[in-house]
Amino acid sequence: MSKKSGEIRYPHLFSPVTIRGKVYKNRMKAAPTMFVHANYFIPEISENLYRMVERRAAGGFACVSTGEMPLNFEEARTIFQERKIDFDHYEGKDFEIAKAYADRIRAKGALCYFEFSHEGSRAEEAKEPWGPEDWVREDGVKVKGMDEEMMAKVCDDYYRICKFARACGFDGVLLHGGHGFQLQQFVSPWTNHRTDKYGGSMENRARFPKMIIDACRRGIGEDRIIELRFSAEDGVPGGMTIDDTVEFCKEIDGMVDIIQVSNGLKWLGSRTKTFSSFLEPHGLNVEYAAKVKAAVKKSYVSTIGGFNGPELAEQVIAEGKADFVEFGRQGFADPELPNKTLEGKEDTIRRCVRCFNCYPGFCEHPTDIPLWDKIGPEAAAKIYSPASMGSCAINPKTGFGFYPETLPEPKASRKVLIVGGGVGGCQAAITAVERGHQVILCEKTGKLGGTINFTDRDEDKVDLRNAKNVIIGDALRSGAEIRLNVEVDRQLIDEIQPDAMIIAVGAHPFVPAIPGIDKAMNALDVYDRMYELGKHVVIVGGGLVGCEVGLHIANHGHDVTIIEMLPMIANETFGYYRNALLTEMDNRGIRQILNAKCLEFTDAGVRIQRDGKEELIPADSMCFSMGMRSNDGEVQRLKEAAGEIPTWVVGDAKHAGKVADAVHGGYLAAMEIV
């Protein structure tokens, strides 16, 4: 209900709804992120997990869910689960840990859910997982087909955990039955080939899931909410389709209060659209949700998938395609989204760029290499550690294991000079002003944004462009003095006399000494020189930049070939991001030549060597992308000019990296000025 001059801009999004006596103040819910059981076993991030949900509640979401809790410690056991959690006693440490979630969410004005799950045949740490039928998983683990005694045990566990959630004070439970988990395994014809009363027709395949829902209702009570998360499709050949899901939802209509329509399979999260990338549309499950909503009469319908702003969410509710919209990774990017929308400050929302910085995922593309093999087990363990997750590329106040209050408070207001107006410098300015300092930011060009201003012309980078513009806008609104077209030298430093200086002068493309390279265009220059490109374009250098520029060129109708020295392309990235990138490259017909050394750029094309033989790759136009190098000379010049003034170097100027490095680096540098 954003108001500008009395205008109600999002009337549907901010219309309340009451279910079983529980009032949802708007139609925006904060979806679960990060396992709730991590709070039991990783104490160093416990407070972060509470703050994660607390901020979303304070940010205005109508309902906030915890992350998922494994149903039990036996056949449902999953990662990070070190012992059995006591769901039978409503006092003691185990109870208090869960209860604190409910207390802290409710205290900030939101309804609260307790999420739990049983991954069935895919339970990661179970010695003998249970599923619809006997089979052996790809990793050699034997799955036990469930008999009725096993089903009764699982139903009793659901009943017990729901009673536990009720005693903790949760307003409802989120039963995670999607993403290839146990309920979905029974519904899907791909995983359920039973010939008894639990297989065959949809009535039979829905029988055990309905038993589970009945058990949940008995446990949680008639005055609390049950929301079921379920996938629209498996996303694999022969798998469950939206038609199957619609028929299943008819079977459970009214048994659950809300059906949340997600998609895909957890272990193929990127390839089956469980987690959307920057290359996919926002709200990618909306049409699936609309089909479910048209089919059910009693249950409400919610949808999730790539939502990062109020505009599309309002449209979905207004068009009757869903009753609620769930925001997942957006909760890391900006938990204040509902409040900012209500206040008419949509242009200040830091919108999720879907980069997977908060959750990198695992190898899915056939050419990906597990990080354990690529960078070693110790380095990989740090990346996949819970303490390393939850860090948002565009929100520096995130990251499990990060506590801002542990950093020193300023002793006085300092005069801070920031050199460089990229996102790192802009974030440093925002944070320094917030800390009470007097800030002057100097940018030698006429425009803020730095290297990622290329996003202004890249259709695939709309999300990153928006984030960049919001950070620039925050800097301009912060109260910092912004000086454009100003190059900092010793004279200016002597004139300003800063108490501290942050150097954020970025990096430059590396130009190797390859014969004829003057005939080729640097990849980052392509955006401004697209009109110069011929039909057949060859890019030398298949790192992240080369691949993304290649996508941009291909999107404009050119034939693209990428040449890479290594045996794999986009080597510096991995997991869900890499899978999405390479899948899209395949979709756009980009040719890859690997294990190839560039010998020369010629008028006819690129001369390379591979397998001990030389060959010419014909090209109408040639580009190169050989990485970036920090502007070390500029950094050294500024440090010398600063003399005894304390200096910090951030972003690409420190180490050529990603947006996350610049934003977090600028923030931390400003936080260290006391």
Side-chain angles (χ1 to χ4, degrees), residues 334 336 340 345 347-348 350 394-398 402-450 452-453 467-506 631 634-654 659 661-674:
D334 197 338
E336 288 283 329
K340 288 181 176 180
K345 298 178 180 177
D347 59 343
T348 69
R350 293 203 179 189
I394 61 170
N395 182 356
K397 300 176 183 179
T398 54
F402 173 60
Y403 295 98
E405 68 272 19
T406 62
L407 298 174
E409 288 294 320
K411 297 176 182 177
S413 177
R414 310 297 185 186
K415 183 179 286 188
V416 180
L417 173 61
I418 299 172
V419 188
V423 291
C426 285
Q427 182 61 58
I430 295 162
T431 304
V433 172
E434 288 176 350
R435 300 264 287 175
H437 299 307
Q438 308 160 57
V439 176
I440 298 173
L441 184 152
C442 295
E443 163 58 40
K444 68 178 181 180
T445 72
K447 186 176 183 179
L448 298 175
I452 63 171
N453 278 328
K468 179 257 299 183
N469 289 340
V470 169
I471 292 172
I472 291 172
D474 286 346
L476 292 171
R477 287 184 292 266
S478 69
E481 181 183 341
I482 308 292
R483 300 183 184 180
L484 300 179
N485 298 303
V486 172
E487 188 160 3
V488 174
D489 55 17
R490 184 188 298 272
Q491 181 179 346
L492 184 60
I493 293 172
D494 290 342
E495 175 188 319
I496 293 174
Q497 295 186 339
D499 301 305
M501 194 162 82
I502 296 174
I503 301 172
V505 292
N631 289 326
E634 183 73 355
V635 170
Q636 186 59 35
R637 180 185 69 80
L638 289 165
K639 281 186 172 183
E640 291 175 359
E644 299 299 316
I645 299 169
T647 60
W648 284 260
V649 182
V650 305
D652 284 350
K654 183 177 182 180
V659 170
D661 301 316
V663 173
H664 285 253
Y667 171 82
L668 289 173
M671 292 291 285
E672 291 175 5
I673 296 173
V674 295

#### Entry: Atom pair CG/OG1 of Asn485 and Thr445 - distance to nearest 0.5 Å
6.5 Å
### Query
Which pair of heavy atoms, one from Phe402 and one from Pro396, lies closest together, and at what distance?
CE2-O, 3.7 Å
### Query
Given side chains that start at C-beta, do those of Leu407 and Leu668 come closer than 4.5 Å, heavy atoms only?
yes
### Query
Rounded to the nearest 0.5 Å, how far apart are CD1 of Ile645 and CG of Asp494?
7.5 Å
### Query
Hey, does Lys654 have a side-chain heavy atom less than 4.5 Å from the side chain of Val635?
no
### Query
Between atom CZ of Arg483 and atom CD1 of Ile418, what is the distance when rounded to the nearest 0.5 Å?
12.5 Å
#### Entry: Ile493 versus Ala642, closest heavy-atom pair with distance
CD1-N, 4.1 Å
Atom pairs and distances, side-chain donor-acceptor, residues 423-440, under 3.5 Å, sequence neighbours left out:
| residue | atom | partner | partner atom | Å |
| --- | --- | --- | --- | --- |
| Gln427 | OE1 | Arg350 | NH1 | 2.9 |
| Gln427 | OE1 | Arg350 | NH2 | 2.9 |
| Gln427 | NE2 | Thr431 | OG1 | 3.0 |
| Thr431 | OG1 | Gln427 | O | 3.1 |
| Arg435 | NH1 | Pro408 | O | 3.3 |
| Arg435 | NH2 | Pro408 | O | 2.6 |
| Arg435 | NH2 | Met671 | O | 2.5 |
| His437 | ND1 | Arg414 | N | 3.0 |
| His437 | NE2 | Ile673 | O | 3.2 |

### Task
For residues Val488 and Cys442, report the shortest heavy-atom separation together with the two atoms involved.
CG2-CB, 3.6 Å
## Note on the structure
Contacts of Asp661 meeting salt bridge (Lys or Arg N to Asp or Glu O under 4.0 Å) (sequence neighbours excluded), chain-then-number -> none
### Message
If we count only N and O atoms by modelled type, under 3.5 Å, do the side chains of Gln636 and Glu640 hold a donor and an acceptor together?
### Response
yes
### Message
For the backbone of Gly506 and the side chain of Asn631, can you confirm whether one donor and one acceptor N or O come within less than 3.5 Å of each other?
### Response
yes
### Message
Please give me the minimum heavy-atom distance between Pro498 and Leu417, naming the atom from each residue.
### Response
CB-CB, 3.8 Å
### Task
Spell out, as yes or no, whether a donor-acceptor pair under 3.5 Å connects the side chain of Lys639 to the backbone of Thr647.
no
### Query
Which distance, rounded to the nearest 0.5 Å, do you find between the CG of Asn453 and the NZ of Lys468?
4.0 Å
### Task
Provide the closest heavy-atom pair for Leu448 versus Ile472 in the form atom of the first, atom of the second, distance.
O-CD1, 3.5 Å
### Message
If I take atom CD1 from residue Ile471 and atom CG from residue Leu476, how far apart are they, to the nearest 0.5 angstrom?
### Response
12.0 Å
### Query
Any side-chain heavy-atom pair from Arg477 and Asp347 closer than 4.5 angstrom?
yes
### Query
Who are the salt bridge (Lys or Arg N to Asp or Glu O under 4.0 Å) partners of Lys447, not counting sequence neighbours?
Asp456
#### Entry: Inter-residue atom distance Glu487.CD - Asp489.CG, 0.5 Å rounding
7.5 Å
### Query
So, Lys340 side chain and Thr348 main chain: donor-acceptor pair closer than 3.5 Å or not?
yes
### Contact check, side chains of Asn395 and Asp334, non-hydrogen atoms, under 4.5 Å
no
### Message
Are there over 12 heavy-atom neighbours, none belonging to Glu405, within less than 6.0 Å of that residue's CD?
### Response
yes
